[in-house]
Peer 1: 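This is the structure, below, for whatever I ask next.
Computed from heavy atoms alone, side chains included, the values below leave out hydrogens, waters and symmetry copies.
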Amino acid sequence: MKPLHFGWYWQGVHLRVVGVCDSKSLVFASDVITRELNDQTLSEVCRFKSNGSSLSALGDLGECIVNGNTESKRKVLDIAALLGKATGLAFVDCSASSETIRMLNQVVDMGCCVVLANKKPLTSTMEDYDKLVSYPRRIRHESTVGAGLPVIASLNRLISSGDPVHRIIGSLSGTLGYVMSEVEDGKPFSEVVKAAKNLGFTEPDPRDDLSGMDVARKALILARLLGRRINLDSIKIESLYPDEMGPDAMSVEEFLVSGIVSLDNDVQERVKKASLNGNVLRYVCVIEGSRCEVGIQELPKDSPLGRLRGSDNVLEMYSRCYKKQPLVIQGAGAGNDTTAAGVLADILDIQDLFP
């Protein structure tokens with residue numbers, strides 16, 4: 001692969017992709033010490049995964065393939081032990097699985113680095129979290145909160161400078177940001193959610209977004225960075241649908257056709273009440289003192305969060321230095337391109353750890 005080229009600047013960095021795996025298979029270079037997966041192989045891997053296929057279905061690409069979950073894990077650990085810290089091996093977890101936690105802890109112990117877009121390893125138990133961050137220079141996870149936005153980097157800089165952060169409030173779901181700004185214009189909640197699904201803003205089951213659980217995981221990551229030793233069940237989470245409309249009670253089709261319509265009046269009443277107070281509704285996370293919660297809040301129209309429109313993410317950080325006017329981070333907080341950019345930036349950020 002050629003050195004990375006961004007704009008007019010040459011980074012002078014050569015990244016070797018020595019292996020790619022999914023839950024069933026691992027594709028790796030025949031000699032991981034000197035070789036890499038070529039562009040043709042990586043393109044074929046991307047094509048298979050974009051179609052929802054397993055890597056086990058790949059044909060002969062002139063590379064090595066190990067099939068089976070257990071066998072793949074064993075081979076991954078073999079590669080980690082072989083390359084380890086000396087060659088600058090980074091494990092990039094872009095899954096949405098909690099099954100990677102044990103392996104990530106093992107490879108960190110071997111001197112490897114970990115780059116995460118997957119939020120679950122950082123929102124597991126405090127025991128798992130402590131183990132994973134026990135080598136703080138070896139882990140990067142910018143894309144777990146705000147995709148490519150510099151949320152984690154900015155928060156870490158404030159903490160490192162000795163500037164105590166006492167409050168964080170943010171809209172960290174592009175989907176819910178879009179929904180709340182659209183209902184503000186008087187559109188029915190049910191119609192907005194359906195439109196968001198048609199636009200590809202939501203998960204296949206919109207309730208995965210409306211439950212608030214994804215925002216809660218992001219809030220937990222931020223809270224733990226601030227030193228809060230809490231778990232996911234410590235966070236107060238407001239779901240935008242009742243339990244009787246959950247996945248165990250009705251299908252996606254039933255929810256969209258008949259269930260969600262019954263929520264329109266309640267949401268519209270809350271919108272009107274906020275408007276009478278000169279405020280707007282936003283679905284946000286709030287971290288302040290011992291308080292850590294996720295849900296709908298009334299916020300001033302002229303605040304950074306109040307001015308939010310569409311699917312952007314907005315985060316306000318209040319600290320000693322940013323007491324009256326918060327540090328505000330805003331931009332696209334979702335999407336493959338922005339997330340990939342955040343992951344790549346994290347990989348480049350650890351290059352100084354290696355020869």
Side-chain angles (χ1 to χ4, degrees), residues 1-2 4 15-32 35-80 82-83 89-104 106-107 112 114-121 141 143-144 147-148 174-175 196-209 213-214 217 247 251-253 256 332-344 346-347:
M1 296 174 69
K2 296 180 180 179
L4 294 173
L15 298 179
R16 288 194 306 125
V17 180
V18 299
V20 179
C21 60
D22 58 17
S23 61
K24 298 179 180 179
S25 301
L26 165 67
V27 180
F28 59 100
S30 55
D31 181 359
V32 294
R35 295 189 67 245
E36 61 194 287
L37 299 180
N38 59 39
D39 289 347
Q40 180 182 351
T41 299
L42 292 175
S43 295
E44 191 69 1
V45 165
C46 291
R47 186 179 70 83
F48 262 72
K49 296 311 297 180
S50 63
N51 292 333
S53 303
S54 168
L55 294 180
S56 60
L58 280 171
D60 183 13
L61 298 175
E63 306 292 352
C64 301
I65 300 179
V66 174
N67 293 320
N69 184 279
T70 302
E71 292 76 10
S72 297
K73 287 180 179 178
R74 186 180 298 116
K75 186 60 184 179
V76 166
L77 293 176
D78 288 344
I79 294 173
L82 180 64
L83 297 179
L89 185 64
F91 280 79
V92 182
D93 183 358
C94 293
S95 72
S97 172
S98 58
E99 293 185 13
T100 61
I101 297 172
R102 182 180 176 186
M103 178 177 292
L104 294 175
Q106 288 177 291
V107 300
C112 302
V114 168
V115 173
L116 297 172
N118 182 9
K119 291 177 281 290
K120 291 184 179 177
H141 54 95
S143 293
T144 59
T175 302
K197 185 177 187 301
N198 291 335
L199 289 169
F201 288 171
T202 74
E203 296 295 329
D205 186 343
R207 288 171 294 188
D208 291 342
D209 300 288
M213 187 58 67
D214 185 63
R217 287 195 175 94
S251 68
V252 176
E253 290 72 26
L256 291 173
N336 291 338
D337 289 347
T338 50
T339 301
V343 168
L344 181 58
D346 276 349
I347 294 171

Peer 1: So how far is it from Asp93 CG to Lys120 NZ, rounded to the nearest 0.5 Å?
Peer 2: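 So the gap between those two atoms works out to 10.5 Å.
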Peer 1: OG of Ser95 to NZ of Lys119: how many Å apart, nearest 0.5 Å?
Peer 2: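 NZ of Lys119 is found 10.5 Å from OG of Ser95.
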Peer 1: Sub-3.5 Å donor-acceptor pair from the side chain of Asn118 to the main-chain atoms of Ser97, do we have one?
Peer 2: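 Checking the backbone N and O of Ser97 against the side chain of Asn118, a donor-acceptor pair under 3.5 Å is found.
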Peer 1: Let's go through His141 and Val114 carefully: what are the C-alpha distance in whole Å and the side-chain angles of both, what is the deciding distance for side-chain contact (heavy atoms from CB on, under 4.5 Å) to 0.1 Å, and is it a yes or a no?
Peer 2: CA-CA 8 Å; His141 54 95; Val114 168; over 6 Å; no
Peer 1: Quick check for you: to the nearest 0.5 Å, what is the distance between Met103 atom CE and Ile101 atom CD1?
Peer 2: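 If we round to the nearest 0.5 Å, Met103:CE and Ile101:CD1 are 12.5 Å apart.
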Peer 1: Where do Ala334 and Ala147 come nearest, in terms of heavy atoms and distance?
Peer 2: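 The answer is N-CB, 3.8 Å.
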Peer 1: Would you give the length of the straight line joining atom CD1 of Ile79 to atom CZ of Phe28, rounded to the nearest 0.5 angstrom?
Peer 2: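 Rounded to the nearest 0.5 Å, the CD1-CZ separation comes out at 5.5 Å.
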Peer 1: Will you find, in the side chains of Ser54 and Ser56, an N or O donor that is under 3.5 Å from an N or O acceptor?
Peer 2: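 There is such a pair (donor and acceptor under 3.5 Å, judged by atom type) between the side chains of Ser54 and Ser56.
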Peer 1: Can you name the nearest heavy-atom pair linking Pro204 to Pro206, along with the distance?
Peer 2: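 Closest approach of Pro204 to Pro206: O-CD, 3.4 Å.
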Peer 1: List for me each residue that meets side chain to side chain contact (heavy atoms under 4.5 Å, CB included) alongside Asp337, sequence neighbours excluded, and say none if there are none.
Peer 2: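 Testing Asp337 for side chain to side chain contact (heavy atoms under 4.5 Å, CB included), a comparison that skips the adjacent residues, returns none.
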Peer 1: Mind jotting down which residue pairs meet the salt bridge (Lys or Arg N to Asp or Glu O under 4.0 Å) criterion with at least one end in residues 21-32? Sequence neighbours excluded, please.
Peer 2: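 Sorted pair list: Asp22-Lys49.
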Peer 1: For Asp346 and Leu116, indicate whether the former's side chain and the latter's backbone hold a donor-acceptor pair under 3.5 Å.
Peer 2: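 No, because the side chain of Asp346 does not come within donor-acceptor range (under 3.5 Å) of the backbone of Leu116.
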Peer 1: Run the side-chain contact (heavy atoms from CB on, under 4.5 Å) test on Leu42 and Val20 for me, step by step, so that the C-alpha distance in whole Å, both residues' side-chain angles and the decisive distance to 0.1 Å come before the verdict.
Peer 2: CA-CA 9 Å; Leu42 292 175; Val20 179; 4.1 Å; yes
Peer 1: For Pro121 and Leu104, work out which heavy atoms get closest and say how close.
Peer 2: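 In this case the closest contact between Pro121 and Leu104 is CG-CD1, 3.8 Å.
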Peer 1: Is a side-chain N or O of Thr202 found less than 3.5 angstrom from the main chain of Ala196, in a donor-acceptor match?
Peer 2: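 It does not hold such a pair.
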Peer 1: Taking all heavy atoms of Arg207 and all of Pro247, pick out the closest pair and write down the distance.
Peer 2: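 In terms of heavy atoms, the two residues are closest at NH1-N, 3.5 Å.
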Peer 1: Do the side chains of Leu37 and Val45 get nearer than 4.5 Å, heavy atoms only?
Peer 2: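 Answer no - side chains too far apart.
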Peer 1: Does Asn336 offer a backbone N or O that forms a donor-acceptor pair with the side chain of Thr339 under 3.5 Å?
Peer 2: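 Here the side-chain-to-backbone pair does not exist.
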Peer 1: For a quick test of your reading: what N or O donor-acceptor pairs under 3.5 Å do the side chains of residues 70-78 make, sequence neighbours left out?
Peer 2:
unit_1, atom_1, unit_2, atom_2, d
Ser72, OG, Val66, O, 3.3
Ser72, OG, Gly68, O, 2.8
Lys73, NZ, Asn69, OD1, 3.3

Peer 1: Using side-chain contact (heavy atoms from CB on, under 4.5 Å), reason through Val32 and Leu89 one step at a time and then give a plain yes or no.
Peer 2: CA-CA 10 Å; Val32 294; Leu89 185 64; over 6 Å; no
Peer 1: Is Asp214 close to Asp208 at the side-chain level, that is, under 4.5 Å between some pair of heavy atoms?
Peer 2: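 They are not in contact (no side-chain heavy atoms under 4.5 Å apart), so the answer is no.
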Peer 1: So among Thr175, Asp209, Asp205, Leu256, which one has a side-chain contact (heavy atoms from CB on, under 4.5 Å) with Lys197?
Peer 2: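 Testing each of Thr175, Asp209, Asp205, Leu256 against Lys197, the sole residue satisfying side-chain contact (heavy atoms from CB on, under 4.5 Å) is Leu256.
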Peer 1: Identify the heavy atoms of Asn38 and Thr41 that sit nearest to each other, and give their distance.
Peer 2: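 So the minimum-distance heavy-atom pair works out to OD1-N, 2.7 Å.
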Peer 1: Ignoring hydrogens, what is the shortest heavy-atom contact between Leu55 and Ser25? Give both atom names and the distance.
Peer 2: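 Smallest interatomic distance, heavy atoms only, reads CB-CB, 3.9 Å.
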